[in-house]
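The figures that follow rest on heavy atoms only: side chains count, while hydrogens, waters and symmetry mates do not. We number each residue from 1, following the sequence as shown.
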Amino acid sequence: MQVIIIGAGRGSRLMPTTADHPKCFAEVANRRLIDWSLQAFQENPVQSIGPDQVCFIGGYQIAKVRSAFPQFTFRHNEKWQENNILASLFCAEDLMQDGFLCAYSDILFTPAVIGSLIASQAEITLGVDTEWLGRYVGRTEHPSDDAEKVTASKGRVLRISRQLDEQDAHGEFIGVARFSAAGAAQLIEHYHRCRREFAGHPWGAAAVFEKAYLIQLLEEMLLRGVAMAHVDTPGGYIEVDTQQDFQYAREHWTGNHLRTLNLQKYVKADYKSSLLRH
């Protein structure tokens with residue numbers, strides 16, 4: 001399965017760690033963030049995904065990622081200083097047609113959630129942390145009103161936005177999603193429709209369309225009636241956006257923690273059956 005990792009931005013809130021290295025090279029438990037991501041893709045309980053199936057979308061310090069991972073496919077977001085996550089993702093539009101997994105490059109997540117996403121029968125499935133509020137206790141540099149919150153009902157995502165009320169949220173989007181071929185076609189169609197309508201102009205919370213986040217397009221699609229499912233992880237996810245996050249990750253994320261979450265009562269057949277019931 002094709003994987004697209006979005007990692008073009010500089011990560012200015014993680015300075016000075018990103019002064020000379022891309023954000024995904026920040027080290028937690030003696031490994032880079034991107035190394036943990038690769039382990040999650042390779043060791044998930046459904047389908048191992050190797051580095052040769054990974055496309056890295058880079059911008060800031062892309063040469064260092066190229067040197068460290070020559071087996072990756074690369075797409076260069078040359079305008080990374082002028083745009084944002086959504087525009088970065090579509091630098092790899094040519095790789096989307098057969099379906100894909102995408103992931104932010106500054107996150108820690110488990111193999112179990114990747115296995116759940118691969119096993120999903122839905123055309124579009126989002127990874128969601130249901131214990132998200134606990135992570136925001138004391139997180140003053142990145143408060144909960146900045147979380148990419150998700151509301152859901154009966155296995156379907158209803159809304160995704162930072163502006164949602166906390167009490168209504170089912171969880172937080174963890175930045176990892178799966179699109180089947182049909183789901184990818186919907187994503188591409190709506191992206192180009194919105195781009196035609198809003199390029200160079202304000203769009204929702206974005207000052208201009210080019211500065212939009214992925215969740216803005218997902219929200220637009222939901223409002224247009226596109227169905228999206230979710231798979232849940234009760235924790236087992238950390239975003240490393242600030243130095244405060246970085247310290248938290250180094251204190252709370254270990255290889256043993258990752259493997260324990262991966263092995264907790266995961267049964268592929270039972271999971272598929274529960275999705276079909278929805």
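Distance check, rounded to the nearest 0.5 Å: SG of Cys102 to CD1 of Ile85 gives 10.0 Å. Note: Met221 CE to Leu217 CG = 5.5 Å, rounded to the nearest 0.5 Å. The distance from atom CD1 of Ile124 to atom OG of Ser180, rounded to the nearest 0.5 Å, is 7.0 Å. Considering NE2 of His76 and OG of Ser88, their distance stands at 9.5 Å, rounded to 0.5 Å. Between atom CZ of residue Phe90 and atom CG of residue Leu214 there is a gap of 8.5 Å, rounded to the nearest 0.5 Å. Within the model, atoms CG of Asp106 and CG of Leu14 stand 8.5 Å from one another, a figure rounded to the nearest 0.5 Å.
What you find for Trp253 and Thr110 is that their closest heavy atoms are CH2-CG2, 4.1 Å. Nearest heavy-atom pair, Trp132 versus Ala147, reported as atom, atom and distance to 0.1 Å: CZ3-CB, 3.7 Å. The shortest heavy-atom contact between Glu123 and Ala182 is OE1-CB, 3.5 Å. Residues Thr125 and Ser120 share a closest heavy-atom pair of OG1-OG, 2.6 Å. For the residue pair Leu133 and Ser144, the shortest heavy atom distance occurs at CD2-CB, 4.4 Å. Between Ala249 and Val28 the shortest heavy-atom distance is O-CG1, 3.5 Å.
The closest side-chain heavy-atom distance from Phe56 to Ile34 is below 4.5 Å. Taking 4.5 Å as the limit, every side-chain heavy atom of Pro51 sits out of range of all side-chain heavy atoms of Phe41. Two residues are said to be in side-chain contact when any heavy atoms from C-beta on lie closer than 4.5 Å; Leu218 and Val157 fail this criterion. A heavy-atom distance below 4.5 Å is not found between the side chains of Phe69 and Val54. The shortest side-chain heavy-atom distance between Ile4 and Phe179 does not fall under the 4.5 Å cut-off. Taking the side chain as every heavy atom from C-beta outward, Phe25 and Val65 approach each other to under 4.5 Å. Contact of the Met15 side chain with the Arg10 side chain is registered, since non-hydrogen atoms from C-beta on lie closer than 4.5 Å. Between Tyr248 and Arg135, the closest side-chain pair of non-hydrogen atoms falls below 4.5 Å.
Under the 3.5 Å distance criterion, the side-chain polar atoms of Arg178 are matched with a main-chain donor or acceptor of Ala122. With hydrogens and angles ignored, the 3.5 Å screen pairs a side-chain donor or acceptor of Asn84 with a backbone N or O of Lys211. When atom types are taken as modelled, the side chain of Glu210 and the backbone of Gly200 share a donor-acceptor pair closer than 3.5 angstrom. When atom types are taken as modelled, the side chain of Glu148 and the backbone of Ile215 share no donor-acceptor pair closer than 3.5 angstrom. Side chain of Thr18 to backbone of Gly11: a donor-acceptor contact under 3.5 angstrom is found. In this structure a side-chain-to-backbone donor-acceptor pair under 3.5 Å is present from Asp129 to Glu131. Counting only distance, with no hydrogens or angles, the side chain of Ser67 and the backbone of Ala63 share no donor-acceptor pair below 3.5 Å. A distance-only check finds a donor-acceptor pair linking the side chain of Glu219 to the backbone of Ile160 [under 3.5 Å]. Of the possible donor and acceptor atoms, none in the side chain of Glu166 sits under 3.5 Å from a partner among the backbone N and O of Leu164. When atom types are taken as modelled, the side chain of Glu43 and the backbone of Ser48 share no donor-acceptor pair closer than 3.5 angstrom.
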Dump the intermediate steps for ring-ring contact (aromatic ring centres under 6.0 Å, His included) on Phe109 and Tyr237, then the final yes or no. CA-CA 5 Å; Phe109 51 92; Tyr237 155 71; 8.3 Å; no
Criterion side chain to side chain contact (heavy atoms under 4.5 Å, CB included) on Met96 and Ile188, from CA distance to verdict: CA-CA 9 Å; Met96 295 179 180; Ile188 292 167; 4.0 Å; yes
Walk me through it: do Tyr60 and Lys23 pass the test side chain to side chain contact (heavy atoms under 4.5 Å, CB included)? CA-CA 9 Å; Tyr60 176 70; Lys23 198 175 186 182; over 6 Å; no
Test side chain to side chain contact (heavy atoms under 4.5 Å, CB included) on Leu38 and Phe72 and set out the steps. CA-CA 11 Å; Leu38 288 177; Phe72 285 1; 3.8 Å; yes
Would you please test Leu86 and Gln216 for side chain to side chain contact (heavy atoms under 4.5 Å, CB included) and show each step? CA-CA 8 Å; Leu86 181 59; Gln216 290 177 246; 5.9 Å; no
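A continuous path of ILVMFWY side-chain contacts below 4.5 Å connects Met1 to Leu187, so both sit in one hydrophobic cluster. When the side chains of ILVMFWY residues are joined at heavy-atom separations under 4.5 Å, either directly or via intervening members, Ile62 and Leu95 end up in two distinct hydrophobic clusters. The hydrophobic cluster containing Trp80 does not contain Ile57, counting ILVMFWY residues as joined when their side-chain heavy atoms lie under 4.5 angstrom apart, directly or transitively. Residues Leu158 and Ile174 are members of separate hydrophobic clusters, defined by side-chain heavy-atom contacts under 4.5 angstrom among Ile, Leu, Val, Met, Phe, Trp and Tyr. Both Trp203 and Val226 sit in one connected hydrophobic cluster of ILVMFWY residues. Membership requires side-chain heavy atoms under 4.5 Å apart, directly or through other members.
Side chains of Gln244 and Thr242: a donor-acceptor N/O pair is absent below 3.5 angstrom, by distance only. Arg13 and His142 share a side-chain donor-acceptor pair at under 3.5 Å.
Using a cutoff of 4.0 Å between basic side-chain nitrogens and carboxylate oxygens, Lys149 and Asp165 are not scored as salt-bridged. With salt bridges taken as basic N to acidic carboxylate O contacts below 4.0 Å, none links Arg193 and Glu189. A salt bridge links Asp94 with Arg75: at least one charged nitrogen is closer than 4.0 Å to a carboxylate oxygen.
Aromatic ring centroids of Tyr191 and Phe209 lie under 6.0 Å apart.
Summarising the local packing, CG of Asp98 is surrounded by 12 or fewer heavy atoms from other residues, nucleotides or ligands at distances under 6.0 Å. Other residues, nucleotides and ligands contribute only 12 or fewer heavy atoms inside 6.0 Å of the CZ atom of Arg195. Atom CG of Asp52 has more than 12 neighbouring heavy atoms from other residues, nucleotides or ligands inside a 6.0 Å radius.
Cation-pi geometry between Arg162 and Tyr213 is satisfied (NZ or CZ under 6.0 Å from the ring centre, within 45° of the ring normal).
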